[in-house]
K.L.:
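The structure is given below, and queries will be raised subsequently.
Basis for what follows: all heavy atoms, side chains included, without hydrogens, waters or symmetry-related copies.
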Amino acid sequence: MADATLKQSPLHDRHVALGAKFAEFGGWSMPVEYPAGVVKEHTTVRESVGIFDVSHLGKAMVSGPGAADFVNATLSNDLAKIEPGRAQYTLCCDAETGGIVDDLIAYYQDDEHLLLVPNAANTAEVVRRMQAAAPEGVSVKSHHEEYAVLAVQGTRSDDVLQRVGLPAGHDYMSFVEAQIPDVLVADVGVVVCRTGYTGERGYELIVRNDAAGPLWDALLAAGEEFGMLACGLGSRDTLRTEMGYPLHGQDITIEVNPVEAGLSWAVGWKKDAFWGRDAIVAVKEAGPKRRLRGLVATGRGIPRPGMGVTLTQDIPLCDITSGTFSPTLKKGIGLALVPVMVNPEAEVGVDVRGRREIFQLVKPPFVDTSVKES
């Protein structure tokens, strides 16, 4: 990317050397695909293992006495459901409207230390809101540009980590703090998280910027025997869409309530307080007017964000929020916030470049997942 205002990953030069094409993601210049192409990268993750640089994701530490209580009183999910050493998907919602400011992962280290990983574009806003609300003694500090995040995703991800001397095999949504083997980088820690955004078994590694390059190189070398590929954010998008995982800024926004988004499972309904609780409870009790639904093409149409969805030729419903070609199904798939008055199994039309293509409404995910495979 020629735009000097975009931030770069500490692995940027390695991506250039691998022939990556770049695009802007949340203010960062990140690899969108490599010479193998999006479909090959996607299929490699589903069938074997791939590695992603997702260093554009935010990193913010909440620390101090009462840090866990503070996070639990602000973010939507309930930390009481987990224990130290576990991670939790949660939402930062607007206190007044209940709209989703961001979706993120909270890593619960102990009662005084929690690491939050928001989306790149929303990190500053999440940190700002939490800093403004933090009680005395609780610190909220962004480390957005100090750490890299590498995602090793696929059925052979355990093998790759073990070959470089890192822990693997721990439970889904848990994390282990380890040392990078001295043969790579001396005296540098890494957080090995059993998390990911692809629907496959995998790990995300959080490491200091200066150690990211040697770790990336070692992981690529260890994965060579399994056909491991460097994968860009293009295949990350097709993988997450097949799983029906929402993308903030498209499927979920500050205008979308967690109930509408099908994210009620990420809300701690029994908690006395969290940002937006009253508004979110009101939507739950009244029933949402729309819900995030999946769409699968019955023909050859490929949906894209912004394309109109109709019930009949002249009855508009909504717009596609996410849409792509599914390399697994070899069909067009998409997500849209569909009015609840529409039968959840109805056929609808999508305006694909002036042609009304027929799609079947379905409940995501679109493919089977092995993400929780033990």
K.L.:
Can you check whether Val149's main-chain N or O pairs, donor with acceptor, with Glu204's side chain at less than 3.5 Å?
P.N.:
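Not confirmed, Glu204 side chain does not pair with Val149 backbone.
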K.L.:
Hey, are the side chains of Asp158 and Arg201 touching, using non-hydrogen atoms and a 4.5 Å cut-off?
P.N.:
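Contact flag for Asp158/Arg201 side chains = yes.
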K.L.:
Hydrophobic side-chain clustering at under 4.5 Å (ILVMFWY, transitive links): who's grouped with Ile302? Put none if nobody.
P.N.:
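Taking Ile, Leu, Val, Met, Phe, Trp and Tyr as members, Ile302 shares its hydrophobic cluster with Phe325.
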K.L.:
Can a side-chain donor-acceptor contact be found between Arg240 and Ser322 if the only test is distance below 3.5 angstrom?
P.N.:
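The criterion, which ignores hydrogens and geometry beyond distance, is satisfied for Arg240 and Ser322.
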K.L.:
Do side-chain atoms of Gln250 reach the backbone of Thr321 as a donor and acceptor pair under 3.5 angstrom?
P.N.:
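Present.
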K.L.:
Whether the side chain of Asn209 engages the backbone of Glu145 through a donor-acceptor N/O pair (distance < 3.5 Å, no angle test) should be reported.
P.N.:
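The answer is yes, because a donor-acceptor pair under 3.5 Å joins these two groups.
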K.L.:
Does CZ in Arg356 sit with more than 12 non-hydrogen atoms of other residues, nucleotides or ligands closer than 6.0 Å?
P.N.:
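Enclosed.
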K.L.:
Any luck finding a side-chain donor-acceptor pair between Thr328 and His42 under 3.5 Å?
P.N.:
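Indeed, the side chains of Thr328 and His42 share at least one donor-acceptor pair under 3.5 Å.
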K.L.:
Can you check whether Thr97's main-chain N or O pairs, donor with acceptor, with Asp94's side chain at less than 3.5 Å?
P.N.:
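Yes, the answer is positive, given that a donor and an acceptor are paired below the 3.5 Å cut-off.
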K.L.:
What about Val309 and Val352, same hydrophobic cluster or not, with Ile/Leu/Val/Met/Phe/Trp/Tyr joined at side-chain heavy-atom distances under 4.5 Å?
P.N.:
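The answer is yes; both residues are in one hydrophobic cluster.
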K.L.:
Can you see whether Tyr89 engages Asp103 through a side-chain donor-acceptor pair at a distance of less than 3.5 angstrom?
P.N.:
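On atom types as modelled, these side chains qualify, holding a pair under 3.5 Å.
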K.L.:
How many angstroms lie between CD in Glu357 and OG1 in Thr298, if you round to the nearest 0.5 Å?
P.N.:
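Reported value, rounded in 0.5 Å steps: 7.5 Å.
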K.L.:
Could you give the side-chain donor-acceptor pairs of residues 178-191 under 3.5 Å, partners two or more places apart or in another chain?
P.N.:
none

K.L.:
Would you name the heavy atoms of Pro303 and Gly301 that are closest together and state the gap between them?
P.N.:
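Result for this residue pair: CD-O, 3.8 Å.
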K.L.:
Return the CG to CG distance between Asp111 and Asp69, rounded to the nearest 0.5 Å.
P.N.:
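The CG atom of Asp111 sits 7.0 Å away from the CG atom of Asp69.
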K.L.:
Does the pair Asp272/Arg277 count as a salt bridge with the N-to-O cut at 4.0 Å?
P.N.:
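The answer is no: the pair does not qualify as a salt bridge.
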K.L.:
Side chain to side chain contact (heavy atoms under 4.5 Å, CB included) for Arg194 and Val176? Distances and angles first, verdict last.
P.N.:
CA-CA 9 Å; Arg194 180 78 196 286; Val176 176; over 6 Å; no
K.L.:
With sequence neighbours excluded, give me every side chain to side chain donor-acceptor pair (under 3.5 Å) pair touching residues 278-296.
P.N.:
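Sorted result for residues 278-296: Glu260-Arg290.
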K.L.:
Would you say Arg46's side chain and Leu239's backbone share a donor-acceptor pair under 3.5 angstrom?
P.N.:
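Flag set: sc Arg46 to bb Leu239 pair under 3.5 Å.
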K.L.:
What donor-acceptor contacts under 3.5 angstrom involve side-chain atoms of residues 334-350, with partners at least two apart or in another chain?
P.N.:
from	atom 1	to	atom 2	distance (Å)
Asn343	OD1	Glu345	N	2.8

K.L.:
Scan for ring pair (Phe, Tyr, Trp, His ring centres under 6.0 Å) pairs involving residues 135-170, sequence neighbours excluded, and state none if there are none.
P.N.:
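Every pair satisfying ring pair (Phe, Tyr, Trp, His ring centres under 6.0 Å) with a residue in residues 135-170: Trp28-His144, His170-Tyr203.
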K.L.:
For the atom pair CD1 (Ile105) and CD (Gln88), what is the distance rounded to the nearest 0.5 Å?
P.N.:
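Here the interatomic distance stands at 9.0 Å.
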K.L.:
Look only at the side chain of Lys271 and the backbone of Asn72, and say whether a donor-acceptor pair between them is shorter than 3.5 Å.
P.N.:
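Yes, Lys271 side chain to Asn72 backbone: donor-acceptor pair under 3.5 Å.
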K.L.:
Tell me whether Arg86 contacts the main-chain N or O of Tyr172 through its side chain, where contact means a donor paired with an acceptor under 3.5 Å.
P.N.:
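Flag set: sc Arg86 to bb Tyr172 pair under 3.5 Å.
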K.L.:
Is the closest side-chain heavy-atom distance between Val62 and Leu116 below 4.5 Å?
P.N.:
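Yes; the side chains approach each other to less than 4.5 Å.
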K.L.:
Would you call the rings of Tyr197 and Tyr245 parallel, tilted or perpendicular, where under 30° means parallel and over 60° means perpendicular?
P.N.:
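Plane angle under 30°, so parallel.
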K.L.:
Indicate yes or no for a side-chain donor-acceptor contact from Glu136 to the backbone of Val138 under 3.5 Å, with no hydrogens or angles considered.
P.N.:
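Checked: no pair found.
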K.L.:
Any chance NZ of Lys270 has more than 12 other-residue heavy atoms, nucleotides or ligands included, within less than 6.0 Å?
P.N.:
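Result for NZ/Lys270: open.
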K.L.:
So that I can tick it off, tell me whether Lys81 and Asp78 are bridged by a salt bridge, with the cut-off set at under 4.0 angstrom between side-chain N and carboxylate O.
P.N.:
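Salt bridge flag = no for Lys81 with Asp78.
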K.L.:
Are the side chain of Asp53 and the backbone N or O of Ser55 linked by a donor-acceptor pair below 3.5 Å?
P.N.:
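Yes: the side chain of Asp53 pairs with the backbone of Ser55.
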K.L.:
Distance-only, no hydrogens or angles: does the Thr43 side chain make a donor-acceptor pair with backbone N or O of Lys40 under 3.5 Å?
P.N.:
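Absent.
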K.L.:
Got Thr74 and Cys92 here, is their nearest side-chain heavy-atom distance under 4.5 Å?
P.N.:
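SC-SC contact between Thr74 and Cys92 ruled out.
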K.L.:
Please tell me whether His15 and Tyr34 have a donor and an acceptor in their side chains that are separated by less than 3.5 angstrom.
P.N.:
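On atom types as modelled, these side chains qualify, holding a pair under 3.5 Å.
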K.L.:
Apply side chain to side chain contact (heavy atoms under 4.5 Å, CB included) to the pair Val207 and Leu205, showing each step before the final yes or no.
P.N.:
CA-CA 6 Å; Val207 66; Leu205 314 177; 5.7 Å; no
K.L.:
Going by side chain to side chain donor-acceptor pair (under 3.5 Å), name the pairs with one or both residues in residues 216-229, residues two or more places apart or in two chains.
P.N.:
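Sorted pair list: Arg14-Asp217, Arg163-Glu225.
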